[in-house]
Amino acid sequence: MAGGAQEFVEADNAEAIITRIEHKSRKIESLLKQSRPVEALKTALEGAPPKTRDERCKSATWIVVHRAIMAIKDVDGMFSSLDPEYYDILMKYLYRGLSTGDRPTCDQCLRIHEKLTEKAGLGCILRCLADTVNTV
């Protein structure tokens with residue numbers, strides 16, 4: 001178990017992670033201004049969740065992913081260009097979104113969840129729930 005713990009970044013490196021997340025956030029905003037929400041979502045999901053237990057990093061990453069999720073208007077179209085490698089991590093963030101209790105966020109997460117489950121199958125849900133190491 002100790003080997004797995006070493007993969008996580010120590011708290012003193014959290015500032016470096018926050019800086020990377022801020023850079024990612026600017027890139028996502030730029031993609032959204034260019035009406036490229038799927039590219040923004042891909043960018044948000046790349047490298048997520050951060051390999052840290054620092055809640056500031058997890059929250060900052062959620063804010064970035066949330067922004068991208070909420071910008072998706074054509075859910076069916078999203079899956080035509082979203083690679084399957086993103087499905088499991090997207091599912092984790094959808095559950096995080098549902099846990100907020102915020103009505104617009106929950107509505108969007110449920111719309112995407114339905115299509116993601118159709119596309120990726122129940123295995124995606126099971127992998128998401130069984131993965132207790134990569135928490136979002």
Side-chain angles (χ1 to χ4, degrees):
M1 191 69 161
Q6 291 175 349
E7 292 177 17
F8 285 89
V9 177
E10 297 299 323
D12 60 342
N13 289 329
E15 294 306 319
I17 294 171
I18 295 287
T19 300
R20 285 196 302 271
I21 295 167
E22 289 170 350
H23 174 73
K24 184 186 282 193
S25 179
R26 287 189 294 275
K27 184 175 180 183
I28 289 165
E29 288 302 322
S30 175
L31 289 167
L32 292 175
K33 286 178 184 170
Q34 298 169 36
S35 298
R36 296 171 55 195
V38 177
E39 289 301 314
L41 182 60
K42 287 180 186 178
T43 301
L45 295 173
E46 286 171 3
K51 299 282 187 216
T52 180
R53 290 187 175 91
D54 188 297
E55 286 303 317
R56 295 173 305 152
C57 296
K58 291 178 184 280
S59 292
T61 301
W62 162 243
I63 290 167
V64 169
V65 172
H66 177 258
R67 177 73 179 99
I69 285 173
M70 295 306 287
I72 300 292
K73 302 297 179 221
D74 179 11
V75 176
D76 290 320
M78 174 186 79
F79 285 108
S80 67
S81 56
L82 186 67
D83 301 324
E85 68 185 84
Y86 295 104
Y87 291 175
D88 289 0
I89 191 63
L90 176 58
M91 185 66 80
K92 281 185 166 287
Y93 281 106
L94 294 177
Y95 286 127
R96 171 129 187 201
L98 290 170
S99 74
T100 65
D102 175 63
R103 180 71 183 247
T105 299
C106 290
D107 289 349
Q108 179 73 338
C109 287
L110 284 172
R111 276 191 293 277
I112 296 172
H113 184 277
E114 178 184 17
K115 298 298 181 184
L116 179 55
T117 303
E118 287 175 13
K119 189 87 168 162
L122 296 177
C124 184
I125 295 171
L126 294 173
R127 286 186 299 275
C128 167
L129 296 176
D131 181 5
T132 58
V133 175
N134 299 306
T135 58
V136 299

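The model shown is predicted, which means the values in this text are computed figures rather than measured ones. In this chain, numbering begins with 1 at the start of the sequence shown.
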Output side-chain donor-acceptor pairs under 3.5 Å for residues 33-41, partner residues at least two apart or in another chain, one line each.
unit_1, atom_1, unit_2, atom_2, d
Gln34, OE1, Arg36, NH1, 2.9
Gln34, NE2, Ser30, O, 3.4
Gln34, NE2, Ser30, OG, 3.1

Under 3.5 Å, which donor-acceptor pairs link side chains of residues 61-70 to any protein atom two or more places apart or in another chain?
unit_1, atom_1, unit_2, atom_2, d
Thr61, OG1, Cys57, O, 2.9
His66, NE2, Thr105, OG1, 2.8
Arg67, NE, Glu29, OE2, 3.0

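Minimum heavy-atom separation, Asp131 to Val133: OD1-N, 3.0 Å. Closest approach of Cys109 to Gly97, counting heavy atoms only: SG-CA, 3.8 Å. Contact detail for Lys42 and Ser81: the closest heavy-atom pair is NZ-O, 2.8 Å.
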For this session: Just do the side-chain contact (heavy atoms from CB on, under 4.5 Å) check on Asp88 and Cys128 with the steps written out, would you?
Result: CA-CA 6 Å; Asp88 289 0; Cys128 167; 5.8 Å; no

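By the rule that hydrophobic residues join a cluster once side-chain heavy atoms approach within less than 4.5 Å of another member, Ile89 and Ile112 end up as members of one cluster. Note: the hydrophobic cluster containing Leu82 does not contain Leu32 (ILVMFWY, side chain heavy atoms under 4.5 Å, direct or indirect links). Placement of Ile28 and Tyr86 in two distinct hydrophobic clusters is found when ILVMFWY residues are connected by side-chain heavy-atom separations under 4.5 Å, directly or transitively. In the hydrophobic clustering of ILVMFWY residues, with side-chain heavy atoms under 4.5 Å counting as a link, Leu110 and Val75 come out together. Neither Ile18 nor Leu45 shares a network with the other; the hydrophobic side chains, linked directly or stepwise wherever heavy atoms of I, L, V, M, F, W or Y lie under 4.5 Å apart, form separate groups for each.
With hydrogens and angles disregarded, no donor-acceptor distance shorter than 3.5 Å links the side chain of Glu46 to the backbone of Lys24. A donor-acceptor pair under 3.5 Å is formed between the side chain of Ser80 and the backbone N or O of Gly77.
Side-chain contact between Leu116 and Leu90 is present, with heavy atoms from C-beta onward closer than 4.5 Å. Considering only heavy atoms from C-beta on, Tyr93 comes within 4.5 Å of Pro49 through its side chain. In this structure, the side chains of His113 and Ile125 come closer than 4.5 Å at one or more pairs of heavy atoms.
Not counting sequence neighbours, Thr132 has no partner by the side chain to side chain donor-acceptor pair (under 3.5 Å) test. Qualifying side chain to side chain donor-acceptor pair (under 3.5 Å) partners for Thr43, counting only residues two or more places apart in sequence or in other chains: none. Here Phe79 pairs with Tyr87 under the ring pair (Phe, Tyr, Trp, His ring centres under 6.0 Å) rule; sequence neighbours left out.
Atom-to-atom distance recorded for Leu98:CG and Gln108:CD is 11.0 Å, nearest 0.5 angstrom.
Between Thr135 and the choices Lys92, Arg53, Lys58, the side chain to side chain donor-acceptor pair (under 3.5 Å) rule is met once, by Lys58.
Applying the salt bridge (charged side-chain N to carboxylate O under 4.0 Å, His left out) definition to pairs two or more places apart or across chains, those involving residues 74-85 are Asp76-Lys115.
Look at Asp107 and Arg103 and you find a salt bridge, because one of the NZ, NE, NH1 or NH2 atoms lies within 4.0 Å of a carboxylate O, short of that distance.
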